[in-house]
There are 2 protein chains.
Amino acid sequence: MDAAQRSWRIIRELVLDHDRRKAVADAFGLSFVRVKALRRLVDGPLTMRELAARLATDPPYTTLIVDDLEQRGLVARSVDPRDRRAKIVTVTEAGADLARRAEQLLDVPPAALRELPADDLAVLERVLSALRPPGS
Amino acid sequence: MDAAQRSWRIIRELVLDHDRRKAVADAFGLSFVRVKALRRLVDGPLTMRELAARLATDPPYTTLIVDDLEQRGLVARSVDPRDRRAKIVTVTEAGADLARRAEQLLDVPPAALRELPADDLAVLERVLSALRPPGS
DNA sequence: GCAGATAGTTGTAGCTCTACAAGCATTGCT
DNA sequence: AGCAATGCTTGTAGAGCTACAACTATCTGC
């Protein structure tokens, strides 16, 4: 049991004890995967295939998700001009708005984390930022 | 967007991108909640009610989970002598063994975390350990 | 001792997601 | 042009979980 494992335990526990998925789903009347789809789409349109990869859902289920979001006016489907088999999925204004509000909810850190001393938080951020591909 | 929020984003992403729930469930032929039940029980027997609280499942579903685990010989139910309404759930040897192996799987940190420099990991652990109730 | 609360169980219905098979339209390869 | 591969859709079946109602057995407070 090394330092990475001990840290990982704490981290895992922190996230799992602070699961907001149900809260988010309830807040917007959408299942969590649907909200996640919108959150992935705000950074730019994706084809069904790309969206499926990011959601880790299979193509048939991705179709259902997008069908539902489309009926609610949160996304729009259009044919990819470069490959007419593919569909490009874009968020609407309403969809982007919902995604942003969901992200805000999810971004609220657990109280324990928020209450760490400022310098500890600074150190934490410095170390953690190495984990993230630079510029994301 | 403060330091806590930025750190939280990275942490959340780290855990969600490293979801081993399906891997664990597949590895043992048990749904993830069932494995979680065993993992909760290795620290000592619990009543149904206590177990339900730790799993965040309602009483009826908890009964199903324990029924299943009992049939597989992974837990045993006995009447609480101090309150004969209550049942005390205990892991068997086989159950404890499975729980330990599952924990080992879950404890493997994501590669990115494991590959941090040793001194960064030390700092990380120091800061994070403040998040955990001392002595757990 | 009785009324109400509590612990657990049984049963049912439904939602979300997974997994797979089969089909159509379009594209890329030869 | 013909054929395999690709992108998406439709349909179906089922696992896993949630939520609720109703019941029995036991306990607690008065």
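Only a predicted model underlies this, so the values are computations on that prediction, with no experimental measurement involved.
The CE atom of A/Met48 sits 12 Å away from the C1' atom of D/dT10 (whole-angstrom rounding). In this structure, B/Asp83 places its CG atom 10 Å from C1' of D/dT28, rounding to the nearest Å. Taking atom CG on B/Leu46 and atom P on C/dA7, their separation rounds to 14 Å, with Å as the unit. Summarising the geometry, the separation between CG on A/Leu69 and P on C/dT16 is reported as 12 Å, rounded to the nearest angstrom. Atom NZ of A/Lys87 and atom P of C/dA25 are 12 Å apart (whole Å). Computed from coordinates, the A/Asp68 CG to C/dC15 P distance equals 13 Å when rounded to whole Å. Rounded to whole angstrom, the span from the CD1 atom of B/Ile65 across to the C1' atom of D/dA19 amounts to 14 Å. Between the CG atom of B/Asp80 and the P atom of C/dA7 there is a distance of 11 Å, rounded to whole Å.
Residue contacts for B/Arg21: at a heavy-atom cut-off of 4.0 Å it reaches no nucleic acid atom on any strand shown. Residue contacts for B/Thr62: at a heavy-atom cut-off of 4.0 Å it reaches no nucleic acid atom on any strand shown. Among the protein residues, B/Asp58 comes within range of the nucleic acid bases, having at least one heavy atom under 4.0 Å from a base atom. Contacts of B/Arg82 with the nucleic acid, taken as non-hydrogen atoms under 4.0 Å apart, are absent. Using a 4.0 Å heavy-atom criterion, one finds that A/Thr63 contacts the bases of the nucleic acid, with or without backbone contacts as well.
Place A/Pro59 and B/Arg84 on DNA chain D by their nearest nucleotides, and A/Pro59 ends up nearer the 5' end. Closest-nucleotide positions on DNA chain C for B/Glu50 and A/Arg34 were compared, and the one nearer the 5' end corresponds to B/Glu50. Residue B/Tyr61 is the one, among B/Tyr61 and A/Arg85, whose nearest nucleotide of DNA chain C lies closer to the 5' end (criterion: closest heavy atom).
Between A/Arg12 and B/Glu103, at least one side-chain nitrogen of the basic residue sits less than 4.0 Å from a carboxylate oxygen of the acidic one, meeting the salt-bridge criterion.
Taking every side-chain heavy atom of A/Thr47 into account, D/dC8 is the closest of D/dC8, D/dC27, D/dT9.
Distances shown here put every side-chain N or O of B/Lys22 at or beyond 4.0 Å from the OP1 or OP2 atom of C/dT18. In terms of phosphate contacts, B/Ser31 brings a side-chain nitrogen or oxygen within less than 4.0 Å of OP1 or OP2 of D/dC17.
Between the side chain of A/His18 and the backbone N or O of A/Ala111, no donor-acceptor pair lies under 3.5 Å. Between the side chain of A/Ser7 and the backbone N or O of A/Ala4, no donor-acceptor pair lies under 3.5 Å. Between the A/Thr92 side chain and the A/Leu74 main chain, a donor and an acceptor come within less than 3.5 Å of each other.
B/Glu50 has its side chain within reach of B/Arg54: a pair of non-hydrogen atoms, C-beta onward, lies under 4.5 Å apart.
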